[in-house]
Structures are given as structure tokens and as C-alpha cells.
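Single-structure report; data block below.
To find a chain, count down the sequence lines: A is the first, B the second, and so on, and within it residues start at 1.
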Amino acid sequence: MKRKLNRSFYRNSTLEVAKELLGKYLVIKRNGKILSGKIVETEAYIGPDDPASHAYRGITPRNKIMFGKPGYAYVYFTYGMHHCLNFVTEKAGFPAAVLIRALEPEEGIEIMKMKRKNSKMEELTSGPGKLCMAMGINRTLNGADLCGKIIFIEDRGAKIGTIVSTNRIGINLGKKRKWRFYVEGNRYISRK
DNA sequence: TATTGGATCGCC
DNA sequence: GCGATCCAATAG
């Protein structure tokens, strides 16, 4: 059974959403093609007082999606060559989001291999930049409605094992917060 | 207007 | 370990 998650899911506390997303499926339907993968790693960025969040210094043209309604995609470009995909959470006006850090590829694997120019399964989507490249995610999806038909999350009834929480990766400030979550033992997590 | 450094990746 | 390569954010 497949159930598309509705907006009320994203309105919950960001830490809850970050954990609940593990084991759910990210689905992208474009040009008659379906790409999907099981989410196995996430990170939370919460509120105006989280120094690692783009929202820390207030609203700007780039991060304004984070301040809007829950259940929308926040996609940004960084390091001159990578995109990162986030889901906006909590009520409008409160800036928070969940970064999708790793997927286990499900549908469209051959297309992902082409986009990644890499045929090694474990390298396809084991990182936030990698999964955006594999699924063709770029800033045209910034602000996309996750309750729409192009990009959404499905509960397919997958069972996951133990959830591990650690410090977040690739940031200098706010490291102490254990806001990274992943499925223990999954081969697609971004780091050991 | 100029400068700086980043929620990364892949090669050396 | 480090370079690639763009652009948002900040300082001047």
C-alpha cells in the first residue's frame, strides 16, 4: 500500500518529522519518468536560534521558503556545484526544515546512474549533493509543493531498524545538537 | 562594489 | 588532503 503524506505531517515538530521520514520514499515524477528512493538519512535545522541554519540571520531572498508554510521544498545551491534538498516543517513564520542527506535508490536506477556518471550503486545517492544530482533536483524545484504531483513523499509500509542520532555534518556552529538521524547499518548513509 | 566562505564531492 | 566553481551574505 502506498500513501502520500499530506501537509499535516510536515507541520509537526522538526525532530519528529526528521525521524519519521526515515523509511519513507521520496518520489519525483517528471517527463513521464519516475525516480524514487527510500530515505535513510536526514538532518534537522530548527528555528531562528540554530546557528547552523540558513535562517539564523533572518529572512533573505534565498531562505524565505523556510519561513513559509510547511510541506514545501527548499532547494539551494552551494559550493559552486551542488544542490541540497530540504523539506520545510512547522508552522508558517517559524523557520525550520529537514535536509535529506541520503536515499536507497528504488525506481529509475538506470536514469540515476546516467545523471551521476557513476555506476556504483553505493555512490548514487549517499549524500545530499549526490542524491540531487541523481534525481535531477535543482533550483527549479525550490518552493515546490510536496503535496503536489511532481515531488512528494510516500509511506510504502517499509520497516526500518534502529534510528541512530549524531551531530550534524559539514557545519562549524551548532555541532553539539544531535540532529542528524540515520538508519543503522544501511549501506547508503553518507558517512560511516 | 568587493570579498569571503559554504548543510559537498571526487580526485590526488 | 585539497581544488573545483558559484553565489548569497556581509562589509565597506
(request) Verify whether the ring centers belonging to A:His54 and A:Tyr45 lie closer than 6.0 Å. (result) no
(request) Could you check how far CG of A:Asn118 sits from C1' of B:dG10, rounded to whole Å? (result) 10 Å
(message) I need the CD1-C1' distance between A:Ile46 and B:dA7, as an integer number of Å.
(response) 14 Å
(message) Checking contacts here: which listed nucleotide (C:dA9, C:dT10, B:dA7) is nearest the side-chain heavy atoms of A:Arg62?
(response) C:dA9
(message) Does A:Ile171 reach a base, just sugar-phosphate, or nothing at all? Heavy atoms under 4.0 Å.
(response) sugar-phosphate
(message) If you assign A:Gly170 and A:Glu123 each to the DNA chain B nucleotide with the nearest heavy atom, which residue ends up on the more 5' nucleotide?
(response) A:Gly170
(request) Would you verify whether the NZ or CZ of A:Arg139 falls within 45 degrees of the ring axis of A:Phe77 while also being under 6.0 Å from that six-membered ring's centre? (result) yes
(request) Determine, for A:Tyr182 and A:Arg191, whether the Lys NZ or Arg CZ falls below 6.0 Å from the six-membered ring centre while staying within 45 degrees of the axis. (result) no
(message) Of the listed nucleotides (C:dA4, B:dG6, B:dC9), which one gets closest to any side-chain atom of A:Arg116?
(response) B:dC9
(request) Tell whether A:Tyr76 reaches the base of B:dA7 with its side chain through a donor-acceptor pair below 3.5 angstrom. (result) yes
(message) What's the gap between B:dA2 and C:dT5 when it is taken at their P atoms, as a whole Å value?
(response) 23 Å
(message) Regarding A:Phe77, tell me which of base, sugar-phosphate or nothing describes its non-hydrogen contacts under 4.0 Å with the strands shown.
(response) sugar-phosphate
(request) Assess the side chains of A:Thr14 and A:Glu90: does a donor N or O sit below 3.5 Å from an acceptor N or O? (result) yes
(request) Tell me which nucleotide among B:dT8, C:dA9, B:dA7 gets nearest to the side chain of A:Arg57. (result) C:dA9
(message) Please tell me whether A:Val183 and A:Leu15 are part of a single hydrophobic cluster in this structure, the criterion being side-chain heavy atoms less than 4.5 Å apart.
(response) yes
(message) Looking at every heavy atom in both A:Leu103 and A:Pro105, which two are closest together, and how far apart are they?
(response) O-CD, 3.7 Å
(request) May I ask you to list the residues of residues 124-142 of chain A, by number, that have any heavy atom positioned under 4.0 Å from an atom of DNA chain B? (result) A:Gly127, A:Pro128, A:Gly129, A:Lys130
(message) Less than 4.0 angstrom from a charged side-chain N to a carboxylate O is my criterion; do A:Lys69 and A:Asp145 meet it?
(response) no
(request) In whole angstrom, give the distance that lies between atom CG of A:Leu99 and atom P of B:dT8. (result) 7 Å
(request) Using whole Å, report how far NE2 of A:His82 lies from P of B:dG10. (result) 7 Å
(request) Compare side-chain N and O positions of A:Thr60 against OP1 and OP2 of C:dA9 and report whether any pair is under 4.0 Å apart. (result) yes
(request) Could you tell me which non-hydrogen atom of A:Lys120 sits nearest to which non-hydrogen atom of A:Asn118, and how far apart they are? (result) N-OD1, 2.9 Å
(request) Indicate, yes or no, whether a donor-acceptor pair under 3.5 Å links the base of B:dA7 to the side chain of A:His54. (result) yes
(request) Describe the nucleic acid contact of A:Arg101 in one word from base, sugar-phosphate, nothing, applying a heavy-atom distance below 4.0 Å. (result) sugar-phosphate
(message) Quick check on the 6.0 Å ring-centre criterion: do A:Tyr72 and A:Tyr74 meet it?
(response) no
(message) For a quick check of understanding: with a heavy-atom distance under 4.0 Å over all strands, which category does A:Asn172 fall into, base, sugar-phosphate or nothing?
(response) sugar-phosphate
(message) So if I apply the side chain to side chain contact (heavy atoms under 4.5 Å, CB included) rule between A:Tyr188 and each of A:Glu41, A:Met121, A:Lys38, which one comes out positive?
(response) A:Met121
(request) Round to the nearest Å and state the distance from A:Lys64 atom NZ to C:dA9 atom C1'. (result) 16 Å
(request) Take the protein atom CG of A:Asn63 and the nucleotide atom P of C:dT10, then report the distance between them rounded to whole Å. (result) 10 Å
(request) Can you tell me the distance, in whole Å, between the NZ atom of A:Lys120 and the P atom of B:dG10? (result) 10 Å
(request) Would you kindly give the CZ-to-C1' distance between A:Phe181 and B:dA7, to the nearest whole Å? (result) 15 Å
(request) Using both pair distances under 3.5 Å as the test, note the stems of at least 3 consecutive Watson-Crick or G-U pairs that include DNA chain C. (result) B:1-6 with C:6-11, B:8-11 with C:1-4
